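A quick write-up on the structure given underneath.
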Protein chains: 2
Amino acid sequence: MHSPELLKGTLQTIILKLLADNGKMYGYEITQKVKDLSDKSLQLTEGSLYPTLHKLEAEGLLKTEKVSMGKRVRKYYFLTPLGESTSIQKIQDFEAFMKTMFQVLQLSPKLA
Amino acid sequence: MHSPELLKGTLQTIILKLLADNGKMYGYEITQKVKDLSDKSLQLTEGSLYPTLHKLEAEGLLKTEKVSMGKRVRKYYFLTPLGESTSIQKIQDFEAFMKTMFQVLQLSPKLA
DNA sequence: CGTATTACCTAAGACTCCAATGTATTTAAG
DNA sequence: CTTAAATACATTGGAGTCTTAGGTAATACG
């Protein structure tokens with residue numbers, strides 16, 4: 001597990017990028033996908049996920065669609081056009097920030 | 001300027017690394033160095049710097065030394081042995097986190 | 001049939017950082 | 001020489017973000 005503080009500020013970026021890549025996803029699916037892609041080193045908890053999803057929805061970056069699966073109702077989240085452009089923007093911001101951090105920390109950018 | 005949220009969690013790392021590289025530094029010097037290394041895209045404000053320095057000192061990672069410059073008293077901060085090892089650790093944590101983020105965001109690690 | 005997993009969510013609090021503010025000295029500009 | 005900018009220390013109140021802990025319920029598996 002990483003120092004949890006480092007995750008701060010990146011959650012929205014992660015969510016938006018996943019939705020941009022995968023189309024509609026539901027909350028639990030997002031937590032599993034993050035765990036998967038990060039080899040279990042990022043544990044996206046529901047306590048941070050759902051408030052963030054609701055916030056992004058309130059800001060008009062996401063919309064939701066409810067789909068019945070038997071008795072269970074699954075809630076899918078997907079990007080609005082604004083969400084799509086914001087997603088791209090956030091990725092660029094993140095990349096620029098990384099570049100800056102490498103400069104400030106004077107690290108060689110070997111991350112492959 | 002970057003999205004300020006992204007800076008969260010990296011401040012201690014930046015400060016420790018700068019002190020590890022430069023030996024003793026005083027507060028104002030740190031703000032200028034960060035501005036410098038980041039081509040002005042990171043503005044480390046005093047409201048975040050000094051509380052962080054004091055916290056690191058309270059945790060035993062830093063010590064201070066007061067040096068008189070005429071009438072002005074300059075306060076130098078420098079790493080303790082614990083601070084030095086923590087600095088190395090934090091850099092490693094940061095690098096590992098970056099790697100993970102590239103995986104999760106599915107970006108190619110071209111940052112040079 | 002009970003436990004793990006799937007699936008949604010909220011509330012209280014911790015923590016981090018920022019904006020604003022305050023004090024005082026030194027240097028540069030007019 | 002006086003005044004504005006830069007140097008230099010710091011605190012406080014608040015905003016925002018995430019975590020811990022909790023709550024509900026359906027489904028799958030043994």
Side-chain angles (χ1 to χ4, degrees), chain A residues 1-16 24-36 38 40 42-59 62 64-77 90 93-94 97 101, chain B residues 1-16 24-36 38 40-59 61-62 64-77 90 93-94 97 101:
Chain A
M1 270 299 264
H2 295 293
S3 322
E5 319 92 48
L6 288 173
L7 193 60
K8 285 177 197 265
T10 61
L11 227 184
Q12 291 189 16
T13 307
I14 291 171
I15 293 172
L16 292 173
K24 55 189 61 170
M25 298 178 84
Y26 54 98
Y28 186 77
E29 191 184 3
I30 295 176
T31 64
Q32 298 308 303
K33 189 79 179 173
V34 168
K35 201 202 281 185
D36 230 53
S38 70
K40 295 184 185 173
L42 289 189
Q43 295 280 0
L44 181 46
T45 63
E46 293 158 323
S48 55
L49 174 66
Y50 287 109
T52 303
L53 284 173
H54 299 332
K55 197 195 168 204
L56 291 172
E57 191 182 0
E59 288 170 351
L62 304 181
T64 59
E65 184 187 25
K66 285 180 185 171
V67 176
S68 293
M69 312 287 291
K71 281 195 179 177
R72 184 177 292 179
V73 176
R74 206 179 258 173
K75 197 168 169 187
Y76 281 94
Y77 295 84
K90 290 245 180 203
D93 286 354
F94 178 76
F97 177 69
M101 281 298 289
Chain B
M1 272 297 265
H2 295 293
S3 324
E5 318 92 49
L6 289 173
L7 192 61
K8 285 177 197 264
T10 62
L11 227 185
Q12 291 188 18
T13 307
I14 290 172
I15 291 172
L16 292 174
K24 55 188 62 171
M25 297 178 84
Y26 54 97
Y28 186 77
E29 192 183 2
I30 295 175
T31 65
Q32 298 309 302
K33 190 79 179 172
V34 169
K35 201 202 281 184
D36 230 53
S38 70
K40 295 184 185 173
S41 64
L42 290 190
Q43 297 278 1
L44 180 47
T45 64
E46 292 156 323
S48 55
L49 174 66
Y50 287 109
T52 303
L53 284 173
H54 300 331
K55 196 195 168 206
L56 292 172
E57 191 182 1
E59 286 170 352
L61 306 182
L62 305 181
T64 59
E65 184 188 26
K66 286 182 182 169
V67 176
S68 294
M69 312 286 291
K71 282 194 180 178
R72 184 177 290 181
V73 176
R74 206 178 256 173
K75 198 168 169 186
Y76 281 93
Y77 295 84
K90 290 244 180 204
D93 286 355
F94 178 76
F97 177 69
M101 280 298 290

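Quick note: numbers below take in every heavy atom, side chains included, and nothing from hydrogens, waters or symmetry partners. Source: prediction; values computed, not measured. Convention: sequence-line order gives letters A, B, ...; per-chain numbering from 1.
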Rounded to the nearest 0.5 angstrom, the NZ-CG distance for B:K55 and B:L62 is 11.5 Å
Have a look at B:K66 and say if it touches a base, only the backbone sugar-phosphate, or nothing, with a 4.0 Å heavy-atom cut-off. nothing
What integer distance in Å separates B:L49:CG from C:dC17:P? 11 Å
For a quick test of reading the model: is some side-chain N or O of B:K55 closer than 4.0 Å to OP1 or OP2 of C:dC17? no
Applying side chain to side chain contact (heavy atoms under 4.5 Å, CB included), can you list everything that pairs with A:R72, at least two apart in sequence or on another chain? none
For the pair made of NZ in B:K35 and P in D:dT7, what is the distance, rounded to whole Å? 7 Å
Spatial distance of atom CG (A:L53) from atom CG (A:L11) [nearest 0.5 Å]: 9.0 Å
Give me the distances for all protein-to-nucleotides 20-22 of chain D N/O pairs that come in under 3.5 Å?
none

In whole angstrom, give the distance that lies between atom OH of A:Y77 and atom P of C:dC8. 7 Å
4.5 Å side-chain heavy-atom contact, A:Y28 and A:R74: no
Check DNA chain C against residues 24-31 of chain B and give the residues with a non-hydrogen atom under 4.0 Å, in numerical order. none
Under 4.0 Å, heavy atoms only, any strand: does A:Y76 hit a base, just the sugar-phosphate, or nothing? nothing
To the nearest 0.5 Å, tell me how far A:Q32 CD sits from A:M25 CE. 10.0 Å
Tell me, do B:Y26 and B:V67 make a side-chain contact under 4.5 Å, heavy atoms counted? no
Nearest heavy-atom contact between B:Q12 and B:K90 is OE1-NZ, 3.2 Å
Let me confirm one number: the CD1-OG1 distance from B:I30 to B:T52, rounded to the nearest 0.5 Å. 10.0 Å
Measure OH/A:Y50 against P/D:dT17 and give the value in whole Å, please. 20 Å
Measure the distance from CD on B:E65 to P on D:dC9 and round it to the nearest whole Å. 13 Å
Report the nucleotide, chosen from C:dC17, C:dC8, D:dC18, that has the shortest atom-to-atom distance to any side-chain atom of B:T52. C:dC17
Under 4.0 Å between a side-chain N/O of B:H54 and OP1 or OP2 of D:dT11, yes or no? yes
Protein-to-nucleotide contact annotation, 5' to 3' order, nucleotides 24-30 of chain D [B base; S sugar-phosphate only; - none; under 4.0 Å, heavy atom]: --BS---
Between the CD1 atom in B:I15 and the OG1 atom in B:T31, the distance rounded to the nearest 0.5 Å is 10.5 Å
Atom CD1 of B:I15 and atom C1' of C:dC17: how far apart are they, to the nearest Å? 11 Å
Separation of D:dC18 atom C1' from A:I14 atom CD1, nearest Å, is 12 Å
Residues in side-chain hydrogen bond (donor to acceptor under 3.5 Å, both in side chains) with B:E46, at least two apart? none
Do you know the tightest heavy-atom contact between B:V73 and B:S68? CG2-OG, 4.2 Å
Going from CD1 on B:I14 to CE on A:M101, what distance comes out if it is rounded to the nearest 0.5 angstrom? 4.0 Å
Give me the bend of the helix from C:dC1-D:dG30 to C:dG30-D:dC1, using the axes of the five pairs at each end, rounded to 10°. 30°
Which class fits the ring pair A:Y77 and A:H54: parallel under 30°, tilted 30 to 60°, perpendicular over 60°? tilted
Whole angstroms only, please: what is the CG-P distance between B:L53 and D:dT11? 11 Å
